[in-house]
Amino acid sequence: MLRVFIPDALADHAAGEQQVELSANTLGDLISGLEGMFPGIGPRITDGDRLVSWLSFVINGELAGRSFLTPIPPNSEIHFIPAIAGG
Amino acid sequence: MATANETKTSSYRVIGTRPIRHDGVDKVTGRAVYGNDVQLPGLLYGRVLRSPHAHARIRSIDTTKAEKLPGVFAVISSADIDPHESKMAELGEGSVNLQYLCENVLARKKVLYKGHAVAAVAAVNAHVAEEALKLIEVDYDPLHAVTWVLDAMKDDAPILIDDLKTEGAPLPHSKGPTNIAQHIVFSKGDIEKGFAEADVIIEREFKSATVHQGYIEPHVATALWSPDGHLSIWASTQGSFTCRQQTAELLALPVSKVTVTPCEIGGGFGGKIRVYIEPIAALLSKKSGRPVKVLMNRADVFESTGPTPGSFIRVKLGAKRDGRLVAGDAWMAYDAGAYPAGIIGPGCVCVFSCYDLPNARVEGFDVVLNKPQTAAYRAPGSTNAAFACETVIEELAEKLGIDPIEFRLKNAAKEGTRRPDGPAYPVIGLVETLKTAKAHPHYSATLEGPNRGRGVGCGFWMNAGLKSSVTAHVNGDGTVTLVEGSTDIGGTRTSIAMQLAETLGITAEEVVPRVVDTDSVGYTDVTGGSRTTFATGWAAHDAAIDIVKQMSARAAEFWKCSPDEVTFDRGLFSSKSHALTFKELAGKIQETGGTITGRASVEAKGVGATFGTHIVDVEVDPETGKVKILRYTAVQDCGRVIHPSYAEGQIQGGVVQGIGWALNEEYVYDADGRMRNASMLDYRMPTAVDVPTIEPVMVEVPNPRHPYGVRGVGEVPICPPPAAIGAAIYNAIGIRMYELPMSPPKVCQAIINEASAK
Amino acid sequence: MATKTPVSTTINGEPVEFLCEPRQSLLEVLRDTLHLTGAKEGCNNGNCGACTVILNGVAVDSCLVLGVEVEGAEVTTVEGLACRNELHPIQQCFLEDAALQCGICTPGFLVAAKALLDKIPNPTEEQIRFHLAGNICRCTGYDKIVKAVQHAAQEMAK
């Protein structure tokens with residue numbers, strides 16, 4: 001089971017939920033799962049087959065890729081944080 | 001200068017020592033080939049025509065006269081590059097919208113800042129190219145410009161991009177066109193409840209001017225578009241592969257048709273990731289049939305590349321009487337520049353990142369306005385944020401009567417602390433830097449004399465992992481050639497080679513590192529995010545392990561045993577009574593199956609964040625407002641230090657950039673949105689007489705997730721200086737500064753205001 | 001196109017003749033005509049010092065000198081510091097003391113430091129900082145450069 005933190009930017013889509021639990025093996029699965037719980041949230045955070053560029057995908061505190069294929073280890077903690085520009 | 005914990009690294013033979021860098025002799029003899037040193041037969045010189053207006057519609061561009069000038073071989077404008085739809089391309093660390101990138105490279109219908117590229121010329125020499133630029137006729141329809149972030153957010157502000165949509169959190173009152181490219185909100189706990197519990201609450205507003213990375217080498221690129229359709233580029237870039245990808249996308253080429261050779265680079269600091277002139281050089285080469293080198297002049301660099309955002313920040317913090325922080329609220333508006341840029345993202349993440357705040361809310365805005373599109377600059381977004389947060393922390397400590405370091409220690413983030421954006425920290429070293437700073441003789445030294453004061457400040461940067469590839473070939477003489485794709489900006493050939501050497505039990509000098517082009521090594525992300533020693537070093541470690549495995553198998557063949565029976569320790573292969581050194585075995589590999597090549601491609605996880613705590617003494621001249629730095633000590637958790645000299649150098653250099661940001665550097669704009677100080681004389685970066693010795697104190701809290709404990713080092717030292725210097729100014733003259741730079745005119749004005757208020 | 005003037009000069013101890021247009025700077029001649037690319041262009045208006053050369057014993061920004069002005073002069077560039085394959089002590093100390101990061105300003109600093117040590121063999125830290133104030137380094141924060149020059153002064157006194 002993944003522990004998924006819903007970012008405030010999506011609060012209006014998530015009926016005020018701040019955290020949910022669901023199962024997923026990839027980012028694509030995870031977004032489908034969220035869409036199942038909160039219809040409309042998927043398109044908000046999807047750009048083609050990727051997570052939108054203004055969010056970064058964070059698994060267990062670690063930045064991960066935006067591709068739907070990005071694997072997620074079991075029992076991970078998931079955050080979506082503001083995208084990072086680098087130096 | 002010894003590191004605080006240098007002796008602890010004694011179990012290593014190479015890591016923690018100070019070998020001479022491999023590219024050193026080339027760089028002290030003038031032989032190293034930087035971007036502008038590239039020479040090709042038939043080379044033409046390219047120059048770019050730039051907008052004199054901060055905001056204007058382009059009615060027409062007529063290049064006829066320029067094309068007729070003898071010595072001119074090609075003239076291009078946006079008509080020579082196909083437009084792109086709004087589509088994101090990933091650049092590893094960050095991503096880029098191809099439509100905006102394309103329009104930034106050559107303006108299409110509008111110019112959005114003074115210096116925006118409009119057309120370009122390739123000619124027999126630079127003088128002819130510059131003459132030709134004067135013959136290009138551009139008809140502009142000037143528009144109102146906006147260069148202050150809060151003005152650009154107003155309903156009646158001039159709109160730069162008609163179809164811009166705000167990404168991120170919804171804006172409650174948004175209607176019609178906007179300059180707000182992104183709206184960020186995140187929170188933790190309940191800030192109303194938190195502030196209700198607070199005994200002391202302080203809220204302040206902060207402004208920071210736009211500043212530039214200030215690398216000494218201007219952007220330069222040479223392109224050769226061959227008749228077979230292959231494009232070769234010699235570039236001054238932090239990332240050859242991201243340069244290749246951006247150029248290929250813009251010119252609609254497959255990446256395999258573009259080869260980027262990373263030249264030696266004269267500084268980057270985040271500003272040499274996005275492409276500006278590489279596609280222009282390519283198009284000029286295609287049109288002329290000759291190789292073309294495009295070089296920016298210094299005004300071009302200031303006016304059309306990478307500044308980092310000016311900003312407005314409001315920070316409110318509340319604490320209990322016992323010194324525990326209970327709530328924090330930040331509202332932050334950052335310049336995007338002409339196109340969305342997103343430096344606000346890390347700004348928001350960093351603003352409260354040093355503290356364990358049970359209740360916090362952060363709101364941020366990325367705001368388009370008539371300045372060059374902003375770019376990363378050493379811990380992008382974090383320095384503006386640290387100036388705001390740390391200054392309020394200082395005021396709280398003063399009001400509560402608690403020593404500023406003690407107050408920070410009571411609230412410092414540590415392993416398990418959740419940042420307001422959510423993630424919990426792994427092992428970090430902020431507390432160690434605070435304790436080391438408190439115990440440092442500088443903190444307790446007497447500071448006498450009028451108008452002198454001491455200040456402290458903290459800073460944070462998250463660092464990056466990303467992708468790196470290396471190959472390593474074992475030579476018959478026991479050396480190893482290390483092939484890598486990371487641009488070496490500050491000695492990373494050596495810090496990477498040292499990790500390979502440590503793993504193989506050879507010396508740093510026995511590694512021959514080579515930074516090669518995009519066809520000669522696997523994909524490697526930019527040298528940025530303090531990631532190169534961390535991630536490419538990790539790849540070098542893994543390639544060395546690969547070599548050890550293969551060489552153990554060869555040794556097993558000699559010794560007629562199983563490879564499992566061969567052990568390897570510090571450069572010695574052994575099994576029962578047999579033993580061969582790495583060098584001895586390397587001499588035999590050609591007879592036993594041929595060359596051994598180790599390989600590794602990593603997507604490095606386990607990034608270790610970095611913190612710093614700085615102490616500074618200043619003296620303020622009350623007549624002129626000039627602030628002199630008397631003494632500076634920068635304590636930083638560096639993780640395991642690989643090459644102490646170059647780690648120290650990162651700290652010292654970052655601090656001096658931070659001092660420049662704090663005291664002098666700023667883009668000065670006139671009412672029409674034109675930068676008025678686009679030269680190194682008028683944009684005042686620190687010189688050798690402006691700063692004392694910066695004493696680096698390296699605390700080593702190894703990153704448990706890296707094979708050698710490496711964290712990034714390079715970025716965080718720029719974050720604390722403005723806040724620490726602001727605190728020192730307050731302790732010197734009793735005046736808090738809320739605006740950067742704290743330059744003589746501003747300090748002087750503050751002194752006058754204070755006097756007239758009394 | 002402008003006509004070219006013949007110029008005879010001495011660069012790094014060797015007689016050199018070249019043709020140059022009146023508008024060409026010494027920096028441009030060194031880099032583009034003579035292929036001595038050690039002097040770097042950082043600003044082309046005398047603010048950064050990356051193009052520093054020694055002209056008749058004085059450190060100058062070669063971007064502010066015209067090519068035609070060096071007729072009969074003696075010019076030393078970074079390429080002239082090492083004696084055959086032996087580095088000059090200033091070069092050696094910059095290497096040992098890690099006084100460079102990206103290295104683009106390094107040729108200018110080396111040449112400026114040589115001009116200083118030729119004049120003042122044992123300078124104070126203040127004198128070093130003052131004499132190098134026309135050279136900007138954005139990477140190092142100057143400390144290691146100053147220490148390398150002090151170190152070189154000691155080596156040269158031996």
Side-chain angles (χ1 to χ4, degrees), chain B residues 18 20-21 23-34 36-37 39 70-71 124-128 213-218 264-269 295 297-298 489-491 643 645-646 648-657 679-681 685-695, chain C residues 1-2 21 23-24 28 31-32 35-48 50 77-79 81-82 87-88 90-92 94-107 110 125-126 128-147:
Chain B
R18 303 175 187 240
I20 287 178
R21 61 193 281 172
D23 53 338
V25 170
D26 281 350
K27 286 182 175 163
V28 298
T29 53
R31 285 184 196 135
V33 178
Y34 289 82
N36 196 24
D37 302 333
Q39 274 292 336
V124 67
N125 62 43
H127 301 285
V128 175
Q213 293 80 351
Y215 30 78
I216 307 300
E217 177 200 42
E264 297 307 325
I265 181 172
F269 313 112
L295 171 70
N297 64 37
R298 182 51 57 177
I489 315 186
H643 192 306
S645 298
Y646 287 98
E648 289 163 0
Q650 288 293 323
I651 296 172
Q652 294 175 320
V655 166
V656 169
Q657 285 184 319
S679 80
M680 282 173 160
L681 188 66
M685 303 198 296
T687 70
V689 294
D690 295 320
V691 289
T693 287
I694 308 300
E695 184 187 341
Chain C
M1 255 179 270
E21 294 178 31
R23 62 185 173 185
Q24 284 184 289
E28 192 182 339
R31 293 182 51 84
D32 293 347
H35 302 300
L36 291 168
T37 55
K40 303 301 180 192
E41 177 177 331
C43 67
N44 221 14
N45 59 5
N47 292 336
C48 79
T77 72
V78 69
E79 289 91 347
L81 293 191
L87 295 179
H88 188 282
I90 302 174
Q91 292 171 309
Q92 188 62 37
F94 265 59
L95 285 185
E96 289 173 10
D97 301 344
L100 61 146
Q101 283 179 34
C102 83
I104 196 86
C105 70
T106 306
L110 291 167
E125 177 179 343
E126 199 179 356
I128 294 171
R129 287 185 180 271
F130 180 78
H131 276 264
L132 298 180
N135 295 71
I136 301 178
C137 170
R138 193 60 161 172
C139 296
T140 65
Y142 302 104
D143 177 60
K144 289 186 189 301
I145 293 176
V146 172
K147 293 208 162 68

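Lettering follows sequence order; numbering is per chain, from 1. Since this is a predicted model, take the numbers as computed values, not measurements.
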Trainee: When only pairs under 4.5 Å are counted, which of B:Ala126, B:Pro686, B:Gly491 shares the most heavy-atom pairs with chain C?
Mentor: B:Pro686

Trainee: Is it the backbone or the side chain of C:Glu28 that comes under 4.5 Å from a heavy atom of chain B, or both, or neither?
Mentor: side chain

Trainee: Report yes if some heavy atom in the side chain of C:Ile104 is under 4.5 Å from a heavy atom in the side chain of C:Arg138; otherwise report no.
Mentor: no

Trainee: Under 3.5 Å, side chain of C:Gln92 to main-chain N/O of C:Leu87, donor-acceptor pair present?
Mentor: no

Trainee: What distance separates C:Asn47 CG from B:Ile216 CD1, expressed to the nearest 0.5 Å?
Mentor: 10.5 Å

Trainee: Does any heavy atom of chain C fall under 4.5 Å from the side chain of B:Gln213, the backbone, both, or neither of them?
Mentor: backbone

Trainee: With a 4.5 angstrom heavy-atom cut-off, which part of B:Asn297 approaches chain C: side chain, backbone, both or neither?
Mentor: neither

Trainee: Please look at B:Val655 and chain C and tell me whether the side chain, the backbone, both or neither of the residue comes under 4.5 angstrom of a heavy atom of that chain.
Mentor: neither

Trainee: Are C:Phe130 and B:Thr687 packed together at the side-chain level, in the sense that at least one heavy-atom pair is separated by less than 4.5 angstrom?
Mentor: no

Trainee: Just wondering, do C:Thr37 and B:Gln39 contact through their side chains at under 4.5 Å, heavy atoms?
Mentor: no

Trainee: So, B:Asp690 and C:Arg129, do they make that salt bridge, N to O below 4.0 Å?
Mentor: no

Trainee: Which region of C:Ala50, side chain (C-beta onward) or backbone (N, CA, C, O), has a non-hydrogen atom less than 4.5 Å from a non-hydrogen atom of chain B, or is it both or neither?
Mentor: side chain

Trainee: Heavy atoms only, distances under 4.5 angstrom: which of C:Arg31, C:His88, C:Glu79 has the most pairs with chain B? Name it, please.
Mentor: C:Arg31

Trainee: Distance alone, cut at 3.5 Å: any donor-acceptor contact between the side chains of B:Glu648 and B:Gln652?
Mentor: no

Trainee: Highest number of heavy-atom pairs under 4.5 Å with chain B: which of C:Gly141, C:Gly38, C:Cys102?
Mentor: C:Cys102

Trainee: Is C:Asn44 in contact with chain B via its backbone, its side chain, both, or neither, using a 4.5 Å heavy-atom distance?
Mentor: neither

Trainee: Given that the side chain runs from C-beta out, which part of C:His35 has a heavy atom under 4.5 Å from chain B: side chain, backbone, both or neither?
Mentor: side chain

Trainee: Say you draw a straight line from SG of C:Cys139 to CD1 of C:Ile145; how long is it, rounded to the nearest 0.5 Å?
Mentor: 9.0 Å

Trainee: Please report the interatomic distance CG(B:Asn36) to CG(C:Asp32), rounded to the nearest 0.5 Å.
Mentor: 7.5 Å

Trainee: Less than 4.5 Å to any heavy atom of chain B: does that hold for the side chain of C:Thr140, its backbone, both, or neither?
Mentor: backbone

Trainee: Assess whether a salt bridge exists between B:Glu264 and B:Lys27, defined as any Lys/Arg side-chain N lying under 4.0 Å from an Asp/Glu carboxylate O.
Mentor: yes

Trainee: B:Arg21: what forms a side chain to side chain donor-acceptor pair (under 3.5 Å) with it, not counting sequence neighbours?
Mentor: B:Asp23

Trainee: Based on non-hydrogen pairs under 4.5 Å, which of C:Val78, C:Leu95, C:Leu110, C:Ile136 is most in contact with chain B?
Mentor: C:Leu95

Trainee: Measuring heavy-atom distances to chain C, does B:Leu295 have an atom under 4.5 Å in its side chain, in its backbone, in both, or in neither?
Mentor: side chain

Trainee: Side chain, backbone, both or neither: which part of B:Val33 has a non-hydrogen atom closer than 4.5 Å to chain C?
Mentor: neither

Trainee: If we define contacts as heavy-atom pairs under 4.5 Å, which of C:Asp97, C:Leu100, C:Leu81 has the most with chain B?
Mentor: C:Leu100

Trainee: With only heavy atoms counted, which part of B:Ile489 is less than 4.5 Å from chain C, the side chain, the backbone, both or neither?
Mentor: both

Trainee: Against chain C, label B:Val656 side chain, backbone, both or neither, depending on which of its atoms sit under 4.5 Å from a heavy atom there.
Mentor: side chain

